[in-house]
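Report on one structure; see the data block that follows.
The sequence lines fix the lettering, A, B, ..., with proteins before strands; numbering per chain opens at 1. In what follows, every heavy atom counts, from backbone to side chain, and hydrogens, waters and symmetry copies are set aside.
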Number of protein chains: 4
Amino acid sequence: MISTHPDVRGSVNESLVRAIEAAYGCAAVCHICADACLAEDMVKDLTQCIRLNLDCADICLVTAGLAARRAGSHEALIKRMLETCVEACADCAVECEKHVDLHEHCRICAEECRRCEQVCREAASTISPPRH
Amino acid sequence: MISTHPDVRGSVNESLVRAIEAAYGCAAVCHICADACLAEDMVKDLTQCIRLNLDCADICLVTAGLAARRAGSHEALIKRMLETCVEACADCAVECEKHVDLHEHCRICAEECRRCEQVCREAASTISPPRH
Amino acid sequence: MISTHPDVRGSVNESLVRAIEAAYGCAAVCHICADACLAEDMVKDLTQCIRLNLDCADICLVTAGLAARRAGSHEALIKRMLETCVEACADCAVECEKHVDLHEHCRICAEECRRCEQVCREAASTISPPRH
Amino acid sequence: MISTHPDVRGSVNESLVRAIEAAYGCAAVCHICADACLAEDMVKDLTQCIRLNLDCADICLVTAGLAARRAGSHEALIKRMLETCVEACADCAVECEKHVDLHEHCRICAEECRRCEQVCREAASTISPPRH
């Protein structure tokens, strides 16, 4: 789809495309993990996980939207948002990893967050302009 | 992932899962179509397409979030949101279909919207409770 | 601000403007109520409230965005979204009202949801085109 | 409303509350500016403004959501998001400021972005923990 964009034609940043896909996928998994945590008997122990799931989902969705809306001139903002997404995914993964033994949804979510963290870090590294 | 949810365990609504996936996919394509339209020389002829792309993307994302956050007791709201998503996808598809001869991104977006419209309609039909 | 829009100039739909403001306000209060519920000792009794807070916040934000992005030709979709928002606010208010004696944040949130429900219902009624 | 949160009780971060309010307000104005730009005859000259309006609106909404969902332990993420919002508002303001002579909506949007930039910068400065 991206390759049909008039500003792109033939020079798709594959790394950014992977980041868009990973971010949508991670947002979906975080939304599901948040709701699954809410449904657990031990929800009291999972409140921080729920918060970080919600934060991570929101940040992933905005990152994907920004990256999809790729205007040449504000790549610094896309880079910054990708870096913010890296941090959100890492924070969510650290929290989910505390619960992997008890909750399969946290295990899957942690993995998805780590994957998205990695893919967004790579995409950010392809955007060269130094911050202003 | 959905099957790990404590309230679900073994009785996943496959139709709803397909709707979640379709809605995220459709949102991504609509975001890209909106930006590709903005980059076209003839953007003036595509402003309504851009608006409906943005509306459809927003509605798809909220629908996916709601469906992922499936609490047993407000299925009426999920059903309503799926029906709203059906309408948004149809509206966006109708507009994109006007531009398929000139813009490949509109052709792909129209197809994606029609697919999401269909999948969300099916998912809505699986939710039985009559509106209150 | 709305009055500066080229398609509006002098004929602002005041009812719709009030709906936009109410929806942003309601989204903010719902976000705060959700997090305050998460922080309560009795979070286990508030999980449905948290879910409906999140649903209502998401739907309010999309409704506000759609209404702000007022293109003449898809008023049916704005009307539909306003009606969906009315339902989300009502559902969230019903749930919050169960907890008003114990939680001040639920009391404020219920009031805000009822107000947004009313304002969005009025705005929807000003949009005349029958559904297609 | 924030003062009713169990984790807050009496020690509201006023600066953060102002940032939440400013971010919702800025998102609303950016949405309206984007659509007003789309409606201008000279939309071709405003495409970058539309993109930055959309980016800024999305980032403001997520920032407000994160700040409203204030869990003690991930303040670093709130700080990072506030800083990202400062950058998005500044970028959008710079672009809007190019069009203030021709478009009143760009003038208002530029002012709102500058205000939100300032308020979010102040709020970020109140969050002390160094990045991990």
**Asked** Is there side-chain contact between D:Asp41 and B:Lys44, with at least one heavy-atom pair below 4.5 Å?
**Response**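 The answer is yes, as the side chains (C-beta and beyond) meet within the 4.5 Å cut-off.
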**Request:** Count the heavy-atom pairs under 4.5 Å between each of B:Val43, B:Leu46, B:Leu54 and chain D, then report the option with the highest count.
**Result:**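 Heavy-atom pair counts peak at B:Val43.
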**Message:** If I take atom CG from residue B:Leu38 and atom CZ from residue D:Arg51, how far apart are they, to the nearest 0.5 angstrom?
**Reply:**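 Rounded to the nearest 0.5 Å, the CG-CZ separation comes out at 5.0 Å.
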**Asked** Going from CD1 on B:Ile50 to SG on D:Cys37, what distance comes out if it is rounded to the nearest 0.5 angstrom?
**Response**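 The CD1 atom of B:Ile50 sits 11.5 Å away from the SG atom of D:Cys37.
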